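Only a predicted model underlies this, so the values are computations on that prediction, with no experimental measurement involved. Residue numbers begin at 1 in each chain, while the letters A, B, ... track the order of the sequences.
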2 protein chains.
Amino acid sequence: MDVTMKDVAKLAGVSLSTVSRVLNDSSLVREETARKVQKAVEKLDYQINDSARILRTNTSNLIGVIGAGMERPFLANLLKGIEAEARERGYALIYGDSDGEFEKEQNYLNIMKQKKIDGIILITTNYYNDLLSIVKNYQIPVVFASGYISDPDISCVTVDNVAAAYDIVEFLCQAGHKDIAFIKGPDLDLLASQERLRGVKLALRLSNIKYNPNRFIEGDFTFESGYSAAKKIINKFPDVTAIFAFNDEMAVGAIRYLKEQNIKVPEDISVVGFDGIELGKYTDPALTTIKQSGYQLGLKSIEMLNKIINKEKIEDNKVFIPHKLVVRESTNKLNELTTKKEVVTNNRG
Amino acid sequence: MDVTMKDVAKLAGVSLSTVSRVLNDSSLVREETARKVQKAVEKLDYQINDSARILRTNTSNLIGVIGAGMERPFLANLLKGIEAEARERGYALIYGDSDGEFEKEQNYLNIMKQKKIDGIILITTNYYNDLLSIVKNYQIPVVFASGYISDPDISCVTVDNVAAAYDIVEFLCQAGHKDIAFIKGPDLDLLASQERLRGVKLALRLSNIKYNPNRFIEGDFTFESGYSAAKKIINKFPDVTAIFAFNDEMAVGAIRYLKEQNIKVPEDISVVGFDGIELGKYTDPALTTIKQSGYQLGLKSIEMLNKIINKEKIEDNKVFIPHKLVVRESTNKLNELTTKKEVVTNNRG
DNA sequence: GAAAGTGATGAAATGGTTTTCAGGGTTATG
DNA sequence: CATAACCCTGAAAACCATTTCATCACTTTC
């Protein structure tokens, strides 16, 4: 029914082998013969049967992506970066969302293995340890995106969460804030969230502020959870002067709650986020945050994975993408009387 | 190297055919034999070689998704819905972002055809016409998600953009607004954006407001484009009392600009968006918008595609998902003096 | 001018499943 | 007891590309 190499061979008056050679590496074939074959290919609009090729060669040019919560803007951009770089390098993407459930992750892993993927990018953070042992067992090249894993065998590409969290907390402390509350990620999130926690602790210690675990309210990276976390914070700790939300969406949710309570941001309370998603430039007040590029993260992940697949030498299998503290309008020095309006323009860069 | 059916057959002491039968439809096999086979499968941790199966059967349980701009929250949720329902029905997803470029779309189409995808979901809006002629030619089951196409052969799942745009413009008109400006989508967007335009015109006519094409500023669905569109609007039409942005992000961008100019929303200018993304509940002011569920859209698209693949009878191949006008804080009746604070709470549902 | 080397091509084996067809064994039917 | 009917299983063909090995026709080299 479909056009096969056999048809091409017949039309071109050559053997199957010759057609295959032309399609893969014409250098072995006489130029004239190659031309004949090319012509036949075009005439018949021949398309290779990928399954047959994979069956024979055992490589698929397919990369699996398993993620969770990919609708979050930061991760959506990460996926975009992955896609762009994968396409660039001739890979197609097979994509699965695990919702953070181990069973689904396992399930996708099986499907992907059956499809003979060349490599896999993992973006999940909950059961990564169990997952990794499977992947290692399967011997599939793997890159962990957006999370640092100490296992020396595993390649990671991520922002330096410890340093970044440190930077922004230090920024708050230097602005005079001592009573800081935190909206952290889900306790199940064993990677980014835990790392950021470490960075926070470090910054607090160096600023001689006592670490108080009660001041860490758990969120789940959604606007809504930021909103309700802020509520808890205000009720339990009416004296806080700053809130650090572990991502931008939660920061925005928190700001919304504060405003509803007629608490002014940043005059009464400073709020900072994490990720630097586009939105943060357009909220009122615009968000002070740590900026990292999801897109870059995606690019680098595929770059790394590609090296592993091709067995190229890798200088360092833990890669940190740059991050930057971006100060906008949602933070104030403590006791300083800058009004919002004075800084309202020109801060969208 | 890998475990094959042959190994299973040998261990179970049966033939290849029997193993295959057990794996696909045990009903033909004696229960005792089936058990033996199952045991061998588990013992060897046998995984089917999907390429071999596809080669033989010509069906892949693979669905292709070609989209553009999928990092937009609404579309990210659409993808999430597609993924969830596809998984539910036993399909895996192969995903490609076209950036709205025809060449990339074509390229992905070829790759997907070579992988023998069972069906395809298209979410691109620019060159859909050229794309469709290829898909039709390839005879691949296809569903168009988030855009209405009149071609009777093509299944579409979308919000009723005409009606929705009509609803929200009518809402503005009934609130007394006569000087309305619009931030439309890119002119290249031949689907959703054009449909919404039709709805707008209809509502204007029925409210006896003259249609003025100059009042439609082109955006590209980003925050930034909403911001700069608002700038143009304010400069060119200082007398507008309402702005309808064709998606929520542009509305948020516009609001940001207005605030920077000390133009109060909604007291001076009402702003409405479209899509009803989560963010709209948390901005200040919270966004009046048309709410549609990207997730639902995804579910329905796969549902429809599945029917086409299975050659089930389809009652109607144009499906509209529900939409709803959600009035929050960014709109005011003209000349009415409601202050923002009175409505600030309880509007987050 | 014979032996060795080179270059281009084809034949055939191979990868791992599914599926058709046929056959063997058992039970029912007359 | 012969035949039919049925159930279960196995052998082998088919799906389509890649790759090894062999062949054949020329050159080159001594």
Side-chain angles (χ1 to χ4, degrees), chain A residues 1-41 44-62 90 110-118, chain B residues 1-41 44-62 90 110-118:
Chain A
M1 187 188 69
D2 269 340
V3 177
T4 76
M5 268 179 46
K6 208 167 164 184
D7 303 315
V8 175
K10 192 185 276 177
L11 180 61
V14 297
S15 74
L16 270 185
S17 343
T18 302
V19 176
S20 175
R21 276 190 277 259
V22 172
L23 260 36
N24 294 320
D25 176 13
S26 335
S27 74
L28 294 165
V29 179
R30 198 151 49 103
E31 204 175 322
E32 191 194 325
T33 318
R35 249 199 314 272
K36 271 195 302 185
V37 172
Q38 287 293 5
K39 216 174 244 171
V41 165
L44 298 176
D45 188 25
Y46 167 75
Q47 301 258 21
I48 198 173
N49 184 318
D50 218 37
S51 320
R53 192 186 56 72
I54 298 173
L55 176 59
R56 190 63 231 269
T57 62
N58 232 12
T59 85
S60 61
N61 300 322
L62 211 50
N110 277 338
I111 292 175
M112 289 172 177
K113 194 189 173 202
Q114 293 168 358
K115 296 201 180 295
K116 302 276 182 238
I117 53 168
D118 290 346
Chain B
M1 185 188 70
D2 270 341
V3 177
T4 74
M5 271 181 44
K6 210 167 163 183
D7 303 315
V8 176
K10 192 185 278 177
L11 180 62
V14 297
S15 74
L16 272 184
S17 343
T18 302
V19 176
S20 175
R21 276 190 277 258
V22 171
L23 261 36
N24 293 319
D25 176 12
S26 334
S27 74
L28 294 165
V29 179
R30 199 150 48 105
E31 204 175 321
E32 193 194 324
T33 319
R35 249 198 316 270
K36 272 194 303 186
V37 172
Q38 288 292 5
K39 217 175 244 171
V41 165
L44 298 176
D45 188 25
Y46 166 75
Q47 301 257 23
I48 195 173
N49 183 319
D50 217 37
S51 322
R53 193 187 55 73
I54 297 172
L55 176 61
R56 187 61 232 261
T57 62
N58 231 10
T59 85
S60 61
N61 300 323
L62 209 52
N110 277 337
I111 292 174
M112 291 174 176
K113 195 191 173 198
Q114 293 168 359
K115 296 203 180 295
K116 302 277 182 231
I117 54 169
D118 290 347

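In this model, a donor atom of one side chain and an acceptor atom of the other lie less than 3.5 Å apart for B/Thr18 and B/Ser15.
You'll find the side chain of B/Met5 stays beyond 4.5 Å of the side chain of B/Ile48, heavy atoms only. Using a 4.5 Å heavy-atom cutoff, the side chains of A/Asn49 and B/Leu55 are in contact.
A sub-4.0 Å separation between OP1 or OP2 of D/dG10 and a side-chain N or O of B/Thr18 is present. Contact between the side-chain N/O atoms of A/Tyr46 and the OP1/OP2 oxygens of D/dC16 is not found at any separation under 4.0 Å. Taking side-chain N and O atoms only, A/Thr4 has no distance below 4.0 Å to OP1 or OP2 of D/dC15. Between B/Ser51 and the phosphate of C/dT17, there is no side-chain N or O to OP1/OP2 separation shorter than 4.0 Å. Between A/Arg30 and the phosphate of C/dT9, there is a side-chain N or O to OP1/OP2 separation shorter than 4.0 Å.
When the nucleotides C/dA8, C/dG10, C/dG16 are ranked by their closest atom to the side chain of B/Asn49, C/dG16 comes out on top. Here C/dG16 is the nucleotide among C/dG16, D/dC16, C/dT17 with the atom lying nearest to any side-chain atom of A/Leu55.
Counting non-hydrogen atoms under 4.0 angstrom, B/Val29 reaches the backbone sugars and phosphates but no base. If you check every strand for non-hydrogen atoms under 4.0 Å, A/Ile48 touches sugar and phosphate atoms only. Looking at heavy-atom distances under 4.0 Å, A/Asn24 makes contact with sugar-phosphate atoms alone, never a base.
Put simply, CG on A/Leu16 is 16 Å from P on D/dT20, counting in whole angstrom units.
Contact of B/Arg21 with D/dG10 (side chain to base): a donor-acceptor pair of N or O atoms is detected under 3.5 Å. In terms of polar N and O atoms assigned as donor or acceptor, the side chain of A/Thr57 never comes within less than 3.5 Å of the base of D/dA17 in a complementary pairing.
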